[in-house]
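Shown next, in structure tokens, is the structure this report addresses.
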Amino acid sequence: MSTVTPQQMLEMKGEKLGSSEWILVDQEMINKFADATGDHQFIHIDEEKAKLTPFGGTIAHGFLSLSLFPVMMAKSDCPRVEGVKMGVNYGGNKTRFLTPVRSGKRVRGHFTLLDLEEKRPGQWQQTLEFSVEIEGEAKPALIAEWISQFFV
């Protein structure tokens, strides 16, 4: 993983920055997310009932897949901006959940820099396209435009 200045990152606008390692989404992770969010819908936590659905088993919450953004970014080969003191989530422009992630599947993130601008001296706002690939599936789990800010 390389380090770049914000100005060098700006030159990468429109480019794919990198991909993450594979991450296993297992039933334990799904159950913990259900407990954390209070979303205990049977398609996520009841393996027997979920077998009777078109999914054929339990699936991860869409928001669980989206919430993997930070760990996927941390476990990616994307360049890191040097001198960052702090980073914060700012929001999203678009999020589409395209394919459910079945329990036991591995996923990885792909990151493309859509925009980067200096809002104030030392405060940068970046917009990334974040897609989550599911191992062995033709379509991604999700595609999102995610906005974050970092301070150097």
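Any value given below was found using the heavy atoms of this structure, including those in side chains, with hydrogens, waters and symmetry copies removed.
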query = Just how far is it from atom OG1 of Thr95 to atom CG of Leu142, taken to the nearest 0.5 Å?
reply = 7.5 Å

Residue pair Asp77 / Gly18: nearest heavy atoms and the distance that separates them = OD1-CA, 3.1 Å

message = Using the rule given for side chain to side chain contact (heavy atoms under 4.5 Å, CB included), can you reason through Leu68 versus Val132, listing the C-alpha separation, both sets of side-chain angles and the distance that settles it, and then say yes or no?
response = CA-CA 9 Å; Leu68 294 174; Val132 176; 5.9 Å; no

note = Interatomic distance, CZ@Arg96 vs OG@Ser131, rounded to 0.5 Å, equals 14.5 Å

message = Taking Lys119 first and then Glu117, would you say they form a salt bridge - that is, a charged N and a carboxylate O separated by under 4.0 Å?
response = yes

query = So, for Leu24 and Gly104, which heavy atoms are closest and what is the spacing to 0.1 Å?
reply = CD1-O, 3.4 Å

query = Around Phe151, counting heavy atoms of other residues, nucleotides and ligands shown, do more than 12 lie under 6.0 Å from its CZ?
reply = yes

query = Salt-bridged, Glu47 to Lys51, with N to O below 4.0 Å?
reply = no

inquiry  = Assess, by modelled atom type and distance only, whether the side chains of His40 and Asp46 contain a donor and an acceptor separated by less than 3.5 Å.
reply    = no

key: Approximate separation, where rounding is to 0.5 Å, of Arg80 CZ and Thr3 OG1   = 10.5 Å

query = Which heavy atom in Leu113 sits nearest to a heavy atom in Met12, and how many Å separate them?
reply = CD2-C, 3.9 Å

Distance in Å, Gln123 CD paired with Phe150 CZ, rounded so as to fall on 0.5 Å steps = 10.5 Å

inquiry  = Would you say Ile147 ends up clustered with Leu10 if hydrophobic residues are merged whenever their side chains have heavy atoms under 4.5 Å apart, either directly or through other cluster members?
reply    = no

message = Return the OH to OG1 distance between Tyr90 and Thr127, rounded to the nearest 0.5 Å.
response = 10.0 Å

ask   = Between Lys105 and Val25, is there a donor-acceptor pair closer than 3.5 Å when you use the side chain of the first and the backbone of the second?
value = no

task = Let me see the working for Trp124 and Val81 under side chain to side chain contact (heavy atoms under 4.5 Å, CB included), right down to the final yes or no.
result = CA-CA 11 Å; Trp124 293 82; Val81 175; over 6 Å; no

ask   = Is the backbone N or O of Glu118 less than 3.5 Å from a side-chain atom of Arg120, with the two atoms forming a donor-acceptor pair by type?
value = no

task = Tell me whether Ile59 is reachable from Phe42 by hopping between hydrophobic residues (I, L, V, M, F, W, Y) whose side-chain heavy atoms are closer than 4.5 Å.
result = yes

key: Shared hydrophobic cluster for Val84 and Val71 (ILVMFWY, side-chain gaps under 4.5 Å)   = yes

inquiry  = side chain to side chain contact (heavy atoms under 4.5 Å, CB included), that's the test. Do Met72 and Phe111 meet it? Break it down for me.
reply    = CA-CA 10 Å; Met72 286 181 173; Phe111 305 90; 3.9 Å; yes

request  = Please report the shortest heavy-atom distance between Glu21 and Arg108, naming the atom on each side.
outcome  = O-CB, 3.5 Å

ask   = Linking I/L/V/M/F/W/Y whenever any side-chain heavy atoms sit under 4.5 Å apart, do Ile23 and Leu64 land together?
value = yes

Within one Ile-Leu-Val-Met-Phe-Trp-Tyr cluster: Val107 and Leu66, side-chain cutoff 4.5 Å = yes

ask   = Which residue pairs pass the ring-ring contact (aromatic ring centres under 6.0 Å, His included) test with at least one member in residues 44-65, sequence neighbours excluded?
value = Phe33-His61, His44-His61, Phe63-Phe97

remark   = What one should report as the nearest heavy-atom pair of Glu82 and Val152 is O-CG1, 3.8 Å

key: Asp26 versus Ser103, closest heavy-atom pair with distance   = C-OG, 3.7 Å

ask   = Side chains of Gln149 and Gln125: donor-acceptor distance under 3.5 Å anywhere?
value = yes

task = Kindly determine whether Val4 and Glu11 satisfy side chain to side chain contact (heavy atoms under 4.5 Å, CB included), including the steps that lead there.
result = CA-CA 10 Å; Val4 296; Glu11 294 172 11; over 6 Å; no

task = Report the distance from atom CD of Glu133 to atom OG1 of Thr99, rounding to the nearest 0.5 Å.
result = 11.5 Å

